[in-house]
Amino acid sequence: MFSAHSTLSTPHDFDFWRTVYSHGWCALPPFWVDKVRGALSRLLLLEDGSLASCTLSDGKGRLSVQIQSTAKLDKVRKDEIKRQLVECLRLGEDLSAFYAAAKRHPRYRWIPASGAGRLLRAPTVFEDAVKMICTTNCSWSLTEIMVANLIASVGKKFADGLRAFPTPEATAGLSDSFVRKHVRAGYRSPYIIELAERVASGKLDIESWRRSALPTDELFRLVRSVKGIGDYAAGNLLKLLGRYDYLGLDSWVRARFYELHKNGRRVADKTIERHYSRFGKWRGLFFWMEMTRRWADQKFPF
DNA sequence: TTCCAGGGGTAGA
DNA sequence: TCTACCCATGGA
């Protein structure tokens with residue numbers, strides 16, 4: 001095992017814990033939060049097949065990164081590790097227009113003031129897409145079970161029982177019956193396998209989505225064409241691609257909207273969409289920020 | 001036992 | 001475009 005230390009510089013409007021706890025992803029392996037050390041950890045799979053366990057903690061204007069790796073940590077590997085972490089924490093994403101818009105609304109000034117807005121994502125679109133499928137029509141606890149089981153089934157081994165997120169190639173090699181029996185993904189199993197097969201075969205260049213020049217509605221239709229990804233999953237996956245034009249409604253946020261705006265009374269989805277339409281291309285992010293505002297009032301890490 | 005979770009696909013109107 | 005029906009799983 002090889003060890004190294006590195007640092008990541010962060011944008012002036014970045015807040016580490018608000019990014020870590022921006023949604024549930026930090027609780028899904030191979031991310032995990034070490035509350036004792038006050039750190040976010042992540043096991044990365046590098047291009048050469050080596051593995052790197054990274055522990056990130058907040059510093060002054062930069063992040064401290066402790067790395068343990070199966071391969072010597074030369075400059076090439078350290079640079080790749082940094083690139084992957086920058087992707088995860090959205091350190092290269094310019095949210096200044098979003099913050100400027102939020103400052104124009106007194107109700108939302110807390111967002112730029114607190115550094116909220118960056119949504120944690122995986123190093124790869126494939127991982128985000130599989131996980132998003134695993135959030136559909138089930139409880140969050142079942143999502144955690146499915147993701148953990150998938151990793152335990154075909155994730156590359158590191159140490160201490162840790163495994164990387166499976167590659168499309170490894171996932172594509174699983175049978176439907178195996179995924180049903182061991183991942184417990186139920187009817188989602190063929191969707192996960194089909195997605196993995198399309199990505200592994202090169203028929204679907206899913207990793208290009210983050211740098212796509214397509215208009216958002218066209219990208220939405222492309223994402224939506226993946227079996228198992230509907231309006232909810234596509235809307236939320238788009239947020240992880242840096243597009244915030246869709247709300248991605250589910251039972252959890254609907255209940256939260258009813259509670260915040262309608263005294264608990266149910267309303268149609270169109271009413272929710274109309275409510276946020278004034279925020280234009282940022283509406284999905286304004287929406288998510290408002291739904292999760294109470295998280296921002298808590299002391300991190302919680 | 002029944003219901004429902006951070007829904008989605010499909011067939012038929 | 002809209003609606004009914006079906007789909008695995010686990011927790012309450």
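A note on names: the letters A, B, ... follow the listed sequences, proteins ahead of strands, and every chain is numbered from 1.
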Requested in this report: Might you work through the ring-ring contact (aromatic ring centres under 6.0 Å, His included) test for F257(A) and F287(A), ending with a clear yes or no?
Outcome: CA-CA 9 Å; F257(A) 180 86; F287(A) 171 62; 7.1 Å; no

**Report entry** Stepwise ring-ring contact (aromatic ring centres under 6.0 Å, His included) test for Y108(A) and F279(A)
**Finding:** CA-CA 11 Å; Y108(A) 297 102; F279(A) 298 112; 5.2 Å; yes

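Between R293(A) and E290(A) there is no salt bridge, since no side-chain N of the basic residue sits under 4.0 Å from a carboxylate O of the acidic one. Salt bridge absent: R118(A) and E93(A) never bring a charged side-chain N and a carboxylate O closer than 4.0 Å.
DNA chain B is contacted by no residue of residues 121-131 of chain A, taking any non-hydrogen atom closer than 4.0 Å. Listed by residue number, the members of residues 243-274 of chain A with any heavy atom below 4.0 angstrom from DNA chain B are D250(A), S251(A), W252(A).
R77(A) places a side-chain N or O within donor-acceptor distance of the main-chain N or O of K72(A), the cut-off being under 3.5 Å. At least one donor-acceptor pair closer than 3.5 Å links the side chain of K156(A) to the backbone N or O of G49(A). Listed for the R18(A) side chain is no donor-acceptor partner under 3.5 Å among the backbone atoms of G115(A).
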Query raised in the report: Pairs counted as Watson-Crick or G-U wobble with both distances under 3.5 Å: what dot-bracket string results for DNA chain B, using | for bases tied to another strand?
Result: .||||.|||||||

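E144(A) places its CD atom 12 Å from the C1' atom of dG6(B), with the value rounded to the nearest Å. Here dG8(B) presents its P atom at 14 Å from CG of L195(A), a figure rounded to the nearest Å. To the nearest angstrom, P of dG6(B) lies 18 Å from CD1 of I133(A).
The closest side-chain heavy-atom distance from V253(A) to W288(A) is below 4.5 Å. Residues L241(A) and L238(A) are in side-chain contact: their nearest non-hydrogen atoms beyond the backbone lie under 4.5 Å apart. Using a 4.5 Å heavy-atom threshold, the side chains of H275(A) and F286(A) count as separate.
Residues that satisfy the side-chain hydrogen bond (donor to acceptor under 3.5 Å, both in side chains) test with T124(A), not counting sequence neighbours, are absent from this structure.
Look at the C1' atom in both dT3(C) and dA5(B): the space between them is 22 Å, to the nearest Å. Atom name P, nucleotides dG6(B) and dC5(C): the rounded distance is 25 Å, in whole Å. When the P atom is used for both dA11(B) and dA8(C), the distance is 15 Å, rounded to whole Å.
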What pairs of donor and acceptor atoms, side-chain ones from residues 164-175 of chain A against any protein atom, are under 3.5 angstrom apart with sequence neighbours left out?
unit_1: T167(A); atom_1: OG1; unit_2: A170(A); atom_2: N; d: 3.0
unit_1: T171(A); atom_1: OG1; unit_2: T167(A); atom_2: O; d: 2.8
unit_1: S175(A); atom_1: OG; unit_2: S177(A); atom_2: OG; d: 3.2
unit_1: S175(A); atom_1: OG; unit_2: F178(A); atom_2: N; d: 3.1

Per-pair distances, 0.1 Å, donor-acceptor, side chain in residues 52-67 of chain A, under 3.5 Å, sequence neighbours excluded:
unit_1: T55(A); atom_1: OG1; unit_2: S41(A); atom_2: OG; d: 3.2
unit_1: R62(A); atom_1: NH1; unit_2: T7(A); atom_2: OG1; d: 2.8
unit_1: S64(A); atom_1: OG; unit_2: H5(A); atom_2: NE2; d: 2.9

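By the 5.5 Å and 30° criteria, Y232(A) is not stacked with the base of dG7(B).
Counting only N and O atoms by type, the side chains of W282(A) and D245(A) include no donor and acceptor under 3.5 Å apart.
Among residues at least two apart or in separate chains, side-chain hydrogen bond (donor to acceptor under 3.5 Å, both in side chains) pairs with a member in residues 130-153 of chain A are E127(A)-K131(A), T135(A)-Y232(A), N137(A)-Y187(A), S139(A)-S141(A), W140(A)-E144(A). Identified under the salt bridge (charged side-chain N to carboxylate O under 4.0 Å, His left out) test for residues 170-197 of chain A, with sequence neighbours left out: D176(A)-R180(A). Among residues at least two apart or in separate chains, salt bridge (charged side-chain N to carboxylate O under 4.0 Å, His left out) pairs with a member in residues 230-239 of chain A are R224(A)-D231(A).
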Using the 3.5 Å cut-off, write out each protein N or O paired with an N or O of nucleotides 9-12 of chain B and the distance between them.
unit_1: dG9(B); atom_1: OP1; unit_2: G228(A); atom_2: N; d: 2.9
unit_1: dG9(B); atom_1: OP2; unit_2: R224(A); atom_2: NH1; d: 3.4
unit_1: dT10(B); atom_1: OP1; unit_2: K227(A); atom_2: NZ; d: 3.4

Find every protein N or O atom lying less than 3.5 Å from an N or O atom of nucleotides 7-11 of chain C, and list the pairs.
unit_1: dA8(C); atom_1: OP1; unit_2: R180(A); atom_2: NH1; d: 2.7
unit_1: dA8(C); atom_1: OP1; unit_2: R180(A); atom_2: NH2; d: 3.1
unit_1: dA8(C); atom_1: O4'; unit_2: Y187(A); atom_2: N; d: 3.1
unit_1: dA8(C); atom_1: N6; unit_2: N137(A); atom_2: ND2; d: 3.3
unit_1: dA8(C); atom_1: N1; unit_2: N137(A); atom_2: ND2; d: 3.2
unit_1: dT9(C); atom_1: OP1; unit_2: R180(A); atom_2: O; d: 3.3
unit_1: dG10(C); atom_1: OP1; unit_2: R184(A); atom_2: NE; d: 3.1
unit_1: dG10(C); atom_1: OP2; unit_2: R184(A); atom_2: NH2; d: 3.3

Protein-nucleic acid N or O pairs under 3.5 Å, nucleotides 3-6 of chain C:
none

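For the atom pair R283(A) CZ and R274(A) CZ, the distance stands at 13.5 Å (nearest 0.5 Å).
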